[in-house]
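So the structure is just underneath, and the comments pick up after that.
So you know, we letter chains A, B, ... as the sequences are listed, proteins then strands, and number each from 1.
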Amino acid sequence: MKFALFTGCVAKGATRELMLSTMKSAEGLGIEFVEMKSASCCGAGVVSEKNPLLADALNARTIAIAEEQGLDLVTICSTCQGILKKTECHVDSDPAYKEKVNTVLEEGGHQYAGGKVKIQHFANVLGTEEGLTLLRDKVKRPLTGLKTAAFYGCYVLRPSGLSLYEDPDNPTGMEEIFKILGATPVYYESRTKCCGFPIIMMNKDASHDMAGNALIDAIDSGADCVVTGCPLCHLSLDAYQPEIDKMNKKGCSIPILHLPQLVALALGYSPQELGMDKHIISTTRLDKILA
Amino acid sequence: MITFKIKRYNPEKQAEPYFEEFQLGETDDLTLLDCLNQIKWTLDGSLTYRMSCRSAICGSCAVKANGHAILACQKQASQLVKDNDTITLEPLGNMKPIKDLAVDFKPFWDKVDKVNPYLQSSKKPPEKETKQSPEQFKLIDDASTCIMCGACYSDCNVLEVDDNFLGPAALAKAQRFVQDSRDGETLARVKELSKPGGIWDCTHCGECVERCPKPAEPFDRIKEIMTVALEQGVTNNNGARHALSFTKSVKSSGSLNENIIPVESVGFFNVKGLFDLLPVGLRMLFKGKNPPILHKSIDDVEDVKRIYMELSE
């Protein structure tokens, strides 16, 4: 399997362990990623607040680059995934708008064709029959006894029309991956909710409350760790967990893993090789379960 | 045979709500509302819920089915059946239940009132009708389809933790006037809507778009108000500063500079805001998790800059 990898900004910034573990997962699975080094930030639904056409032009340019590479595009961030799909939908559904966007792109040598490449989150790739077979063949260290709570990230689920999950209100894609890795999925209500990250600068208390409710739900459901496909969710749930812990009477403390870290652990990589020592909430308590 | 597991509540008889199960045999081609009527008419006359038009126009019959808000008259029961041929029904969320599936809409309507949901103009009333072009009408067409059913309000992730948020329905209603060519108070409206509890408190969860039974899709309307607020220069708040800083960062390097955006979002002179950023910043620094100090540009950033120039940004 060979894909154009759209890393997104956060995997190169505050969650470099996501990038590290993505490359380790790919190495272990024999997936080839060609990094899209000239692709811009997706705008995270924020650039479009300022100028919707600008956001669509930047993202159509990104998709056009994958088209030029002749490779399906893979994201490792739920937000990037949802935002690129939104642009694809805006441009594909309105020929006049598509022409307008392509006029903007023309001078840079790019043209968005549409319908030529798939835009998928890494979790969607792993969730295909081919991906699941590959995982099954390559698991070296089954994660037996590890209870994992998926936290999907809003943008891969809603709007459901753009989601790659069959039932975005009740997705099972991540849990299917957990099972193949030998872990035990924990199903809890908050797994499809918002982590609160988008308003962390505007309404901190509400943001931390949202994250806290999700974490407490996962803990009460018996999870040993939360696993997310979105680095923004990771920041909200991990980097800010000390604040969240203080805000909650019951308190909460639970390690947060990136999906590629969980995958690479099962492929035999060590936590250090996957940057798990960089997390704010220590993951060492998982070592005992995995020993 | 479908089992309807319905959350019952009657504070005059029992303080705590409880679930009661009802079974219907012939449910082919029946909407969920038809089924509720069947239960009420044939099994338990005390079952309480709101309904009127039966055709997704009045917005009365929104309830939670299997955890998510829907209009009971808009879905076939057979489409909603989960494991064990069961549909779980609860009152809408984020509002206080009054009895069974009926909730108190007062906070919902109070928030709609807060956005002044009527045209405001200092001009004399026109003698004839005011004409709008199709393009002008298109800007407010989607929000105009809102039927005030409360489905978006019920499933809004922010309202679950913050009562102060105006919520998706009131903000969609606000957009309908912010972008109405006949309204004369655009600036005053976006100033008010940029305050805490307004547009910038929306967390992008998309639940409102997912639950909306009409094209009103509040999240998209909220984003339209944000664009107008920035165009109007209403930028003295964290949400607007964040959008501007983010857009600027992508212009200069093609990617996000996570070291700068938090600082620019709270504002350089906001001592308390900057102080609040310290714990998480230091924590990340000690773990070696801070974004690189030397921010790297993407390859061919010049093309990104050219696109910005072309779009006058």
Within the side chain of [X], is there an N or O that forms a donor-acceptor pair under 3.5 Å with the backbone of [Y]?
X	Y	result
B:T227	A:K50	no
B:K289	A:A14	yes
A:N203	B:D201	no
B:K287	A:H279	yes
B:D162	A:A206	no
B:K223	A:P52	no
A:R16	B:G288	yes
B:E160	A:M210	no

If we define contacts as heavy-atom pairs under 4.5 Å, which of [options] has the most with chain B?
options	answer
A:G8, A:C42, A:C154	A:C154
A:A57, A:G153, A:S48	A:S48
A:L53, A:V46, A:L58	A:V46
A:C195, A:G45, A:G82, A:P168	A:G45

Checking [X] against chain A: side chain, backbone, both or neither under 4.5 Å from a heavy atom?
X	value
B:L277	side chain
B:F219	side chain
B:E224	neither
B:V158	both
B:P262	both
B:K305	neither

Whether over 12 other heavy atoms sit under 6.0 Å from [X] [atom1]:
X	atom1	answer
A:Q272	CD	yes
B:D163	CG	no
A:E35	CD	yes

To the nearest 0.5 Å, tell me how far [X] [atom1] sits from [Y] [atom2].
X	Y	atom1	atom2	value
B:H242	A:I200	NE2	CD1	10.0 Å
A:L105	B:R306	CG	CZ	7.0 Å
B:C205	A:K193	SG	NZ	9.0 Å
B:I307	A:E107	CD1	CD	10.0 Å
B:H68	A:N170	NE2	CG	7.5 Å
B:E264	A:M201	CD	CE	12.0 Å

Counting only heavy atoms closer than 4.5 Å, note whether [X] contacts chain B via side chain, backbone, both or neither.
X	answer
A:A55	neither
A:K86	side chain
A:E189	neither
A:N213	side chain
A:K12	backbone
A:T79	neither

Best-contacting candidate, [options], against chain A by heavy atom pairs under 4.5 angstrom:
options	answer
B:V280, B:L230, B:V250	B:V280
B:V266, B:L244, B:N238	B:N238
B:T203, B:V228, B:I298, B:N237	B:T203
B:E258, B:E302, B:M284, B:E310	B:E258
B:N66, B:V161, B:L256	B:V161
B:A243, B:G67, B:C202, B:A240	B:A243

Subject >> Side chains of B:E210 and A:L157 in contact at under 4.5 Å (non-hydrogen atoms) >> reply: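 No, too far: nothing below the 4.5 Å cut-off.
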Subject >> Beyond-backbone contact of A:H110 with B:D303, side-chain heavy atoms, under 4.5 angstrom >> reply: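 Side chain of A:H110 against side chain of B:D303, heavy atoms only: contact under 4.5 Å found.
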Original post:
Below 4.0 angstrom, N of the basic side chain to O of the carboxylate: do B:R283 and A:E243 qualify?
Top reply: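 Yes, B:R283 and A:E243 are salt-bridged.
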**OP:** For the pair A:D169 and B:R211, find out whether any cationic side-chain nitrogen is under 4.0 Å from an anionic carboxylate oxygen.
**Re:**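 Result for this pair is yes, salt bridge flagged.
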So, for [X] and [Y], which heavy atoms are closest and what is the spacing to 0.1 Å?
X	Y	value
A:S38	B:D300	CB-CB, 4.1 Å
B:W200	A:I199	O-CG2, 3.6 Å
B:F246	A:A44	CZ-CB, 3.6 Å

